[in-house]
There are 2 protein chains.
Amino acid sequence: MATQVVNNAQKLAPVDKTFGDLPPAAIEALEQAALTTSYPTGAVLFAEAQSPRGVFIVRRGRVKLSVCGSDGRTLILRIADIGCPLGVAAVVSGRPYEATAETQEPCEISFLRQADLVRLMRQHGELALWVTQHISRDYASTCREIRDLILSDSASEKLARLLVGWLDENTSAKNPGQMKLALTHEEIGQMIGSSRETVSRLFAGFKKQHLIQQTGSTLVIPNRVALESLITA
Amino acid sequence: MATQVVNNAQKLAPVDKTFGDLPPAAIEALEQAALTTSYPTGAVLFAEAQSPRGVFIVRRGRVKLSVCGSDGRTLILRIADIGCPLGVAAVVSGRPYEATAETQEPCEISFLRQADLVRLMRQHGELALWVTQHISRDYASTCREIRDLILSDSASEKLARLLVGWLDENTSAKNPGQMKLALTHEEIGQMIGSSRETVSRLFAGFKKQHLIQQTGSTLVIPNRVALESLITA
DNA sequence: AGCGATGTGTGATCTCCATCACCAAACCAT
DNA sequence: ATGGTTTGGTGATGGAGATCACACATCGCT
């Protein structure tokens, strides 16, 4: 059974892509302890404030991480993709999951029980380091998000920053400045801490200023610099 | 020289208190690689966006961690105290420091170079785990901060949350509901993302509603539940 | 087609808080 | 003391955006 999982996983995501430069022994140990499953869109891997059962490693697809405020409003922290271990902070510290993880599309995800992760981390310093690097990245991105969201209150600045960030991630060489818009205005609002209506108005304004063009779900940013000039306005 | 540092450190903070349940071998290795120094109030250990040189471990005193927005405004992420390793996320991930660390009072702080930390983490899985636990806590607290600050916009709610949080940390058994107020209104504003004036007005309002009493730098919260009722209002 | 559900566009209003301005109090050095 | 510096109190004003309210578009479904 263990070998079957390994084979399965290797088909899904080449080792080098998912686990970086982990030594083979650590990867092998990981694969043996992990269980890989398929999830449909909208599946909740874990919910905020649940006590941790284990970590989830994204092998295919994208997962939305969000926190939920007392008044019911939602803030999307980030979208995780291949190779991201989710829920590590909770598992390692023993505290409840600090966010909710929900699949945004059909996903393949490996699950690793809390005890197994901790055991493997103790045994393989390299693995612990890998895990720590991921948490560090998450921490850094959360810090950046805090800074961006709280210290720059014009909503247009936040939206511009988000769009530029997306541009960097989806830099398809053939169509520069072009990308698919996979989120609704509501979700975008949840990423920048604004209301749906504000996002709608901002998009309208950006179009009027020719900062963006939109046809269907395709978004084009003809002049990246102009958009950037809104940041630190 | 190495032994001198060890002796020094043991006088400053008992091993069990600073390093939790790390195995002696790991602590020994840490102490040998670390260099402990005294800092006056207001010293900047590292600044946001600097490339990482190493980690700082607080042995005595308190250190303020903050990020700075494009418009010059500041947000205080948290106050670190004894045993907290600072700058780990940056060192481990190789990215710039994500915040600025500044002493709030005279401190004793150990410094560990980047290469040494990474080497020690590789060698001692337990140490890597300890580091990871700390980052996890930081990450969790940052997530909570994001949620609190963005998803609850009434400033009074944020202040109430802050005060209740402080009450939990400073729960001196002899004087319940009482604590020292070590921050200025300006700094409190920087913790909840509001202006100095707003904090001043909020305090006045809280006093009028008998939610708090203040004499000098001593703050008394006679009725914790009443204050909590402001949260999720 | 026709019908719900879901997403989007846009006006009107209203509230909270940042900001400016200025003074009062406290603190600290000489 | 006494003058300078930091901190705290409070009014007045303005503006960004949340919220409400509704109409329109779009999509999937039987």
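Each chain gets a letter, A, B and so on, in the order its sequence line appears, and its residues count up from 1. Because only heavy atoms are used, hydrogens play no part in the values below, and waters and symmetry mates are left out as well, while side chains stay in.
Within residues 198-219 of chain A, the residues approached by DNA chain D to less than 4.0 Å at the level of any non-hydrogen atom are Thr198(A), Arg201(A), in residue-number order.
The CG atom of Leu45(B) sits 7.5 Å away from the SG atom of Cys107(B) when rounded to the nearest 0.5 Å.
Applying the ring-ring contact (aromatic ring centres under 6.0 Å, His included) test to Tyr39(A) and every residue at least two apart in sequence or in another chain returns nothing. Partners of Tyr97(B) according to the ring-ring contact (aromatic ring centres under 6.0 Å, His included) rule, which considers only residues two or more places apart in sequence or in another chain, are Phe46(B).
Rounded to whole Å, the distance from CD1 on Ile188(B) to C1' on dG8(D) is 11 Å. As rounded to whole Å, 8 Å separates atom P of dA18(D) from atom CD1 of Ile192(A).
Looking at Asp81(A) and Arg62(A), no side-chain N of the basic residue comes within less than 4.0 Å of a carboxylate O on the acidic one, giving no salt bridge. For Arg201(A) and Glu197(A), the salt-bridge test fails: no basic side-chain N is under 4.0 Å from an acidic carboxylate O. Here Glu157(A) pairs with Arg161(A) in a salt bridge; the nearest charged N to carboxylate O distance falls below 4.0 Å. Ionic pairing of Arg147(A) and Glu98(B) is not present here: no N-O contact between side-chain nitrogen and carboxylate oxygen is shorter than 4.0 angstrom. With salt bridges taken as basic N to acidic carboxylate O contacts below 4.0 Å, one links Arg60(A) and Glu108(A).
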Practice prompt. Encode nucleotides 21-30 of chain C as B, S and - characters from 5' to 3', where the letter depends on protein heavy atoms closer than 4.0 Å: B to the base, S only to sugar-phosphate, - to neither.
Written response: ----------
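Between His185(A) and dT6(C) there is no side-chain N or O to OP1 or OP2 distance below 4.0 Å. Taking 4.0 angstrom as the limit, Ser154(A) places none of its side-chain polar atoms (N or O) nearer than this to OP1 or OP2 of dA16(D).
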Sequence neighbours excluded and cut-off under 3.5 Å, please list the side-chain donor-acceptor pairs for residues 137-144 of chain A, or say none.
unit_1, atom_1, unit_2, atom_2, d
Asp138(A), OD1, Arg78(A), NH2, 3.3
Asp138(A), OD2, Arg78(A), NH2, 3.1
Tyr139(A), OH, Arg78(B), NH1, 3.0
Ser141(A), OG, Asp138(A), O, 3.1
Thr142(A), OG1, Asp138(A), O, 2.7

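The end-to-end axis angle of the helix from dA1(C)-dT30(D) to dT30(C)-dA1(D), rounded to 10 degrees and based on five pairs per end, is 40°.
Residue-level contact check: Gly193(B) touches the backbone only, with heavy atoms under 4.0 Å from sugar-phosphate atoms and none from bases.
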